[in-house]
Chemist: 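Here's a structure for you.
Numbering of ligands and ligand atoms starts at 1, following listing order.
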Amino acid sequence: MSKINAAITCVHGVVPKKILSNKDLEKMVDTNDEWITTRTGIKERRIVEDGETLSDLGSEVVKSICKKRGISPLEIDMIIVGTVTADHRFPSTSNIVCDKSGATNAWGFDLSAACSGFIYTLVTGQQFVESGRYKKVIILGGDIMSSIVNYKDRNTCVIFGDGCAGVLLEPDKEGNGIIDSILKVDGSGRELLIQKHGGSAFPITKENVGHPDNFIFQEGRSVFKFAVTKMADVSAEIMERNNLTGEDVDWLVPHQANLRIIDATANRMGLTKDKVMINIEKYGNTTSGTIPLCLWEWEKKLKKGDNIVLAAFGGGFTWGSVYLKWAY
Ligand code: ACO
């Protein structure tokens with residue numbers, strides 16, 4: 001019997017309607033469009049309004065995936081959500097998405113790996129499909145970063161946006177699907193990119209409510225140095241061990257944190273810009289959402305058998321790459 005690979009067989013994304021542009025941010029903090037564009041590549045990002053939640057976006061993604069694939073939500077076995085901005089500490093957002101989307105035969109959980117959330121979650125889902133026991137697993141990557149961003153901190157508020165996208169993983173016996181992955185973690189970098197308060201170490205109390213540590217903190221310059229090296233290293237490593245040259249790779253799908261980090265990774269891999277998915281200008285950094293949002297937007301250009309490398313770096317630190325062959 002030929003080996004079962006876990007393959008992406010459908011993709012969809014949902015972003016909130018409300019746009020927060022660089023011009024809007026100029027009115028909120030001491031920043032300007034020119035600084036944001038040259039340092040990051042971001043022009044605008046989407047922000048939730050009227051109480052819209054991650055599970056609202058996620059359940060829309062699940063319903064659309066089922067519709068596109070022509071299946072009932074009742075056929076879904078599992079839903080795993082990569083996020084650092086779950087609706088609640090508990091129950092899990094996966095749990096709520098199962099209910100709201102009608103995937104009531106599924107089970108699942110949330111997984112926290114900051115901007116590497118989607119690739120960590122994808123590789124986790126891969127294990128369940130490859131075991132042979134689970135046939136339809138939905139992997140969601142999404143974040144409501146506006147819920148943890150301090151809109152008085154120009155170092156972070158210009159970077160992040162909200163959004164959610166996901167993929168359906170199914171068994172493939174034709175040699176397509178996820179071929180290889182490298183996932184890494186280095187907890188010694190945890191203080192450089194962190195939402196310090198709100199967990200059990202530093203619960204939010206009446207004494208610290210409103211403190212900047214209630215929100216996301218990033219030491220941008222130090223994180224940049226790590227990100228630019230690690231994302232490029234891990235992408236080069238996965239190419240090397242799969243005997244891939246820049247010619248062989250059809251697409252790089254990089255985490256959208258900063259255009260300069262993306263360019264450095266593409267250069268290291270020997271890829272021309274036309275092979276790199278970039279939509280950071282429209283959505284900013286949606287944390288776990290960036291990679292599946294790119295796959296969704298590029299879906300029509302992808303061909304069966306395309307060699308695709310996903311690469312991410314995020315808080316923790318967490319980073320990694322995935323090599324897959326597009327299956328449809
Ligand atoms: N507008 C204008 N000026 C600003 C702004 C702003 N929005 N933000 C910072 N500045 C100023 C700083 O105060 C600083 O001024 P100073 O020199 O007088 O001190 C100057 O601009 C340069 O600041 P840097 O932080 O050195 O700017 P840098 O070029 O490094 O860009 C950025 C900042 C975009 C955050 C970059 O460092 C970066 O992309 N870092 C990595 C991000 C990343 O990959 N994160 C991981 C994923 S995110 C996750 O996991 C949740």
Chemist: Spell out, yes or no, whether Ile261 and Val223 are grouped together once hydrophobic residues are joined by side-chain heavy atoms under 4.5 Å, including indirect joins.
Modeler: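 Per the 4.5 Å side-chain linkage, Ile261 and Val223 are co-clustered.
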Chemist: Return yes if a side-chain donor-acceptor contact under 3.5 Å exists between Asn22 and Arg45, otherwise no.
Modeler: yes
Chemist: Can Asp77 and Lys136 be counted as an ion pair, charged N to O under 4.0 angstrom?
Modeler: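 Here Asp77 does not pair with Lys136 in a salt bridge, since their nearest N and O are not under 4.0 Å apart.
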Chemist: Locate the shortest heavy-atom distance separating Leu324 from Ile178; write the atom from each residue and the value.
Modeler: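 Nearest pair, atom of Leu324 first, then Ile178: CB-CA, 3.8 Å.
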Chemist: For ligand 1, which atoms have a heavy atom of Ile159 less than 4.0 angstrom away?
Modeler: 35 (C)
Chemist: Considering only heavy atoms of Asn155, which atoms of ligand 1 have at least one such atom less than 4.0 Å away?
Modeler: 8 (N), 9 (C)
Chemist: Would you mind listing which atoms of ligand 1 come within a distance below 4.0 Å of any non-hydrogen atom of Ala257?
Modeler: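 Listed by number with element: 43 (C), 44 (O).
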Chemist: Within a distance under 4.0 Å of any heavy atom of Thr40, pick out the atoms of ligand 1 and give their elements.
Modeler: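 Near Thr40, meaning under 4.0 Å from one of its heavy atoms, ligand 1 has 34 (C).
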Chemist: Using a strict cut-off of 4.0 Å, indicate which atoms of ligand 1 neighbour a heavy atom of Thr31.
Modeler: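 In order of numbering, the contacting atoms are 1 (N), 2 (C), 6 (C), 7 (N).
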Chemist: Find all atoms of ligand 1 within a distance of less than 4.0 Å from any non-hydrogen atom belonging to Val158, and give their numbers and elements.
Modeler: 7 (N)
Chemist: With nothing but distance in play, are any N or O atoms of Asn285 less than 3.5 Å from an N or O of ligand 1?
Modeler: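 Such a contact does not occur with ligand 1.
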Chemist: For atom 43 (C) of ligand 1, which of the options Gln195, Glu34, Gln218 provides the nearest non-hydrogen atom?
Modeler: Gln218
Chemist: Just let me know how Leu193 lines up against ligand 1, side chain, backbone, both or neither, with a heavy-atom cut-off below 4.0 Å.
Modeler: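 The answer is the side chain.
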Chemist: Take Thr83 and Asp110, measure what side-chain hydrogen bond (donor to acceptor under 3.5 Å, both in side chains) needs, and give me the verdict at the end.
Modeler: CA-CA 7 Å; Thr83 188; Asp110 296 351; over 6 Å; no
Chemist: Within 4.0 Å of atom 26 (O) of ligand 1 (strictly less), any protein heavy atom?
Modeler: yes
Chemist: Pick one of side chain, backbone, both or neither for how Ile261 approaches ligand 1, counting any non-hydrogen atom pair under 4.0 Å.
Modeler: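 Near ligand 1, Ile261 shows its side chain, while the N, CA, C and O stay back.
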Chemist: How about Phe317 and Trp319: are their ring centroids closer than 6.0 Å?
Modeler: no
Chemist: On a heavy-atom basis, which atom in Pro16 and which in Val48 lie closest, and how many Å separate them?
Modeler: CG-CG1, 3.7 Å
Chemist: Closer than 4.0 Å to some heavy atom of Ala114 - which atoms of ligand 1 meet that?
Modeler: 50 (O)
Chemist: Between the side chains of Lys3 and Glu130, is the shortest nitrogen-to-carboxylate-oxygen separation below 4.0 Å, so that they form an ion pair?
Modeler: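 A salt bridge is present here (some side-chain N lies under 4.0 Å from a carboxylate O).
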Chemist: Which residue supplies the protein heavy atom nearest to atom 40 (N) of ligand 1, what is that atom called, and how far is it?
Modeler: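 Ranked first by proximity to atom 40 (N) of ligand 1 is Gly220 O, 3.1 Å.
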Chemist: What protein heavy atom sits nearest atom 31 (O) of ligand 1, and how far away is it?
Modeler: Arg260 NH2, 3.6 Å
Chemist: Counting heavy atoms only, which part of Phe224 comes closer than 4.0 Å to ligand 1: side chain, backbone, both or neither?
Modeler: both
Chemist: Are Lys100 and Glu60 close enough for a salt bridge, meaning some N to O gap below 4.0 Å?
Modeler: no
Chemist: Quick check on contacts: which atoms of ligand 1 are under 4.0 angstrom from a heavy atom of Val223?
Modeler: 41 (C), 43 (C), 45 (N), 46 (C)
Chemist: So, are Lys275 and Glu247 salt-bridged, with charged N and O less than 4.0 Å apart?
Modeler: no
Chemist: Using distance alone, determine whether Arg39 and ligand 1 share an N or O pair under 3.5 Å.
Modeler: yes
Chemist: Do Phe128 and Trp107 make the cut of ring centroids closer than 6.0 angstrom?
Modeler: yes
Chemist: For atom 8 (N) of ligand 1, find the nearest protein heavy atom and state the residue, atom name and distance (0.1 Å precision).
Modeler: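 Closest protein heavy atom to atom 8 (N) of ligand 1: Trp35 CH2, 3.4 Å.
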Chemist: Evaluate the 4.0 Å heavy atom contact test for atom 18 (O) of ligand 1: does a protein atom fall under the cut-off?
Modeler: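 No.
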Chemist: Name the option, out of Ser222, Gly117, Cys115, that contains the heavy atom nearest to atom 49 (C) of ligand 1.
Modeler: Cys115
Chemist: So, Thr37 and Lys43: side-chain donor and acceptor under 3.5 Å apart, yes or no?
Modeler: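 The answer is yes; a qualifying pair exists.
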Chemist: Considering only non-hydrogen protein atoms, determine which one is nearest to atom 15 (O) of ligand 1 and report residue, atom name and distance to 0.1 Å.
Modeler: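 For atom 15 (O) of ligand 1, the nearest protein heavy atom comes out as Arg154 NH2, 4.3 Å.
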Chemist: Can you confirm whether the side chains of Tyr134 and Glu170 place a donor and an acceptor under 3.5 Å from each other?
Modeler: no
Chemist: Taking the six-membered ring of Phe313 as reference, does the NZ or CZ atom of Lys230 fall below 6.0 Å from its centre and within a 45° cone about the axis?
Modeler: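 Output no; distance or angle outside limits.
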Chemist: Could you tell me whether Lys282 and Glu297 make a salt bridge, using a distance below 4.0 angstrom between a side-chain N and a carboxylate O?
Modeler: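 Yes, charged N to carboxylate O under 4.0 Å.
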Chemist: Looking only at distances, please establish whether an N/O atom of ligand 1 is found under 3.5 Å from an N/O atom of Arg221.
Modeler: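 So ligand 1 has an N or O lying under 3.5 Å from an N or O of Arg221.
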Chemist: Check this for me - ligand 1, Phe313, N or O atoms closer than 3.5 angstrom, yes or no?
Modeler: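 Between Phe313 and ligand 1 (N or O atoms, distance only) the closest approach is not under 3.5 Å.
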Chemist: With respect to Gly315, determine whether any N or O atom, backbone or side chain, lies less than 3.5 Å from an N or O atom of ligand 1.
Modeler: yes
Chemist: Evaluate Asn258 for polar contact with ligand 1, using N/O atom pairs at a separation under 3.5 Å.
Modeler: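 Indeed, backbone or side chain, Asn258 has an N or O that close.
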